[in-house]
Amino acid sequence: MDFKRADFPEGFLFGAATAAYQIEGHQFGGAGPTHWDTFAAGPGNVVRGEDGSLACDHYHRYAEDLDLLKDAGMDAYRFSTSWARVMPDGRTPNPEGLDFYDRLVDAMLERGLKPFQTLYHWELPAALADKGGWMNRDTCNYFGDFTDVITDRIGDRVQAIATINEPWCIAYLSHFLGHHAPGLQDIRAAARAMHHINLAHGIAMTRLRSRGMKNCGIVLNFDHTEPQDSSKEAAGATATWDAIMNRWFIEAVTKGSYPAEAMEGFARHMPDNWEDDMPQISQPIDFLGVNYYTRHKVTADAEAVWPHIASKEGPGDKTQMGWEIYPAGLQSFLTRLSRDYVGDMPIYVTENGMAWDDIVENGAVFDPERTRFISDHMQATLAAIAAGVNVQGFFYWSLLDNYEWAFGYEKRFGMIHVDFETLKRTPKASYHALKAAIAR
Ligand code: IFM
């Protein structure tokens, strides 16, 4: 790695991130069915129809996983608390689920790891999906109740709480593009989910504040977007895509408004009186989590339905996902978000990482591509810090190879290899490289 801990400001946190459904093993501990179980069981939705029922069995092996995190010299662990584990029907607390997160947080603290919790990383209880999921405003209030229950149990020990992970994926990717659960391609459903997920964030913030919680924020994903050519059409399409993907959520949360370019398509499908929710959605947060992976080149496509755009990956090297590796986009977002939206508020890079077709040979995984990827994105983060952005931490996605949603177990993002037959963990060469860098 071309960096060392000493290059970063005092107190900068290095960590790794995971999410409950992707690693825990959802069959254990009395968790209830989620809309991802339903989606995975539908034809053609997920590679090989795989689901999160076993995943990495982190539910039983969390001590080993946290030991690996600690042995790497990490400061913090970003994890999520599954709503369907804590409340299997979305409404009724499950003591076993609460006990699990109690043990998990204590195990982090015993190892000197700061717990960075995410309340919602996509596993909506199926019972609430049955009632319309994120299209139904009631789901936002139920989410507030879940926030209360889990916070009353572990809120005294967590370092930071993010309400929602990647609302764009929850709303647009899942309700308009149909790639994630519930797999809809429905603009009215999407408009409602785009608003309700923000409202759920606002309600959760209110509940957290009423319990005196500090260090509360949200995690948004951003995609570096550039026009494919110098035409007016490509510029217009890029602005629309940027509004839907990159501006909708941050502007709602920090300014209490939605961008006009996105409202052009969504306005007539929005829930009644949505404007009345904007003050609650835009109440102050304490930090912003930034998830960044890649860049897209965008142009206009008059034959496509609104938003009338076509996009493709940029020309650079690609990961196993086919995503272009473009570290400059991270620097650009960190600077833009600070300049245009959050000023000096702490920003964490809450996800950044790459999938590669890693294999274990003679007990080791050689992944120089990932080492380079991490190193280059750390340099991009350092450049943003040098430009005055208050970045306070970096979480690699992901600690473990895991359930990559519609791609099943095919794509490997981990710094630790998981054999999904035996569940054996093998730290990859990039794990050892990162460990050496942050020890220096
Ligand atoms: O695995 C996902 C994660 O759940 C959310 N952010 C992107 C990752 C890689 O696709």
Side-chain angles (χ1 to χ4, degrees), residues 15-26 34-37 39-40 45-47 50-52 55-56 58 65 77-85 116-124 162-174 177 179-181 197 217-224 245-246 249 288-296 313 318-326 329-330 333 348-358 369-370 373-374 377 394-418 420 430:
T18 63
Y21 190 81
Q22 294 179 269
I23 61 165
E24 285 176 357
H26 199 70
T34 78
H35 71 167
W36 265 96
D37 300 305
F39 183 69
N45 289 338
V46 174
V47 170
E50 290 167 338
D51 61 29
C56 307
H58 180 73
D65 296 336
Y77 177 45
R78 177 171 177 248
F79 69 111
S80 75
T81 43
S82 163
W83 187 353
R85 179 178 296 293
F116 272 61
Q117 179 192 3
T118 302
L119 285 166
Y120 185 73
H121 199 126
W122 306 359
E123 56 284 288
L124 186 72
T163 53
I164 308 280
N165 181 73
E166 300 185 354
W168 179 85
C169 294
I170 295 162
Y172 195 85
L173 186 68
S174 308
L177 298 180
H179 296 321
H180 278 189
I197 200 69
I218 188 167
V219 170
L220 306 179
N221 55 316
F222 298 95
D223 183 69
H224 192 82
M245 171 93 219
N246 297 321
F249 301 100
L288 175 67
V290 173
N291 292 0
Y292 172 77
Y293 287 91
T294 191
R295 159 172 83 162
H296 281 94
E313 292 293 330
K318 310 288 189 299
T319 70
Q320 189 193 17
M321 297 292 280
W323 295 351
E324 186 195 18
I325 300 171
Y326 189 67
L330 177 59
F333 269 117
Y348 293 92
V349 178
T350 34
E351 280 183 34
N352 173 247
M354 66 172 277
W356 200 250
D357 190 12
D358 302 305
E369 300 80 6
R370 186 173 288 104
F373 182 100
I374 297 173
H377 286 84
F394 186 107
F395 293 81
Y396 178 75
W397 182 271
S398 181
L399 177 66
L400 304 168
D401 290 342
N402 60 41
Y403 180 63
E404 179 51 28
W405 306 111
F407 296 93
Y409 295 93
E410 202 175 71
K411 310 290 186 199
R412 295 182 175 275
F413 276 92
M415 58 170 65
I416 296 169
H417 181 278
V418 177
F420 291 110
S430 57

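Keep in mind that the numbers below use all heavy atoms, side chains included, and drop hydrogens, waters and symmetry copies. Numbering of ligands and ligand atoms starts at 1, following listing order.
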Checklist entry - Is R85 salt-bridged to E24, going by a charged N under 4.0 Å from an acidic O? => result yes
Item to check | Distance from atom 6 (N) of ligand 1 to nearest protein heavy atom, with residue and atom | outcome: E351 OE1, 2.5 Å
Item to check | Y403 heavy atom under 4.0 Å from ligand 1 | outcome: no
Checklist entry - Is there any salt bridge (Lys or Arg N to Asp or Glu O under 4.0 Å) pair reaching into residues 163-173, and which pairs are they, with sequence neighbours excluded? => result none
Checklist entry - Side chains of S80 and Y21: donor-acceptor distance under 3.5 Å anywhere? => result no
Next on the checklist: Are any of the N/O atoms on W122, whether in the backbone or the side chain, positioned under 3.5 angstrom from an N/O atom of ligand 1?
Outcome noted: no
Checklist entry - Does H180 have its ring centroid less than 6.0 Å away from the ring centroid of W36? => result yes
Next on the checklist: Below 3.5 Å, N or O to N or O, backbone or side chain included: is there any such pair between W323 and ligand 1?
Outcome noted: no
Item to check | Part of Y21 with heavy atoms under 4.0 Å of ligand 1, whether side chain, backbone, both or neither | outcome: neither
Checklist entry - Considering only heavy atoms of H121, which atoms of ligand 1 have at least one such atom less than 4.0 Å away? => result 3 (C), 4 (O), 5 (C)
Next on the checklist: Taking ring-ring contact (aromatic ring centres under 6.0 Å, His included) as the definition, give me every residue that meets it alongside F116, ordered by chain and number, with sequence neighbours left out.
Outcome noted: Y348, F395
Checklist entry - Short question: side chain of Y293, backbone of D223 - any donor-acceptor pair under 3.5 Å? => result no
Checklist entry - For E166 and ligand 1, does the shortest N/O to N/O distance drop below 3.5 Å? => result yes
Next on the checklist: So is K411 touching ligand 1 or not, going by heavy atoms under 4.0 Å?
Outcome noted: no
Item to check | Polar contact flag, side-chain donor to acceptor under 3.5 angstrom, D65-H58 | outcome: yes
Checklist outcome for this item: of all protein heavy atoms, closest to atom 2 (C) of ligand 1 is E404 OE1, 3.6 Å
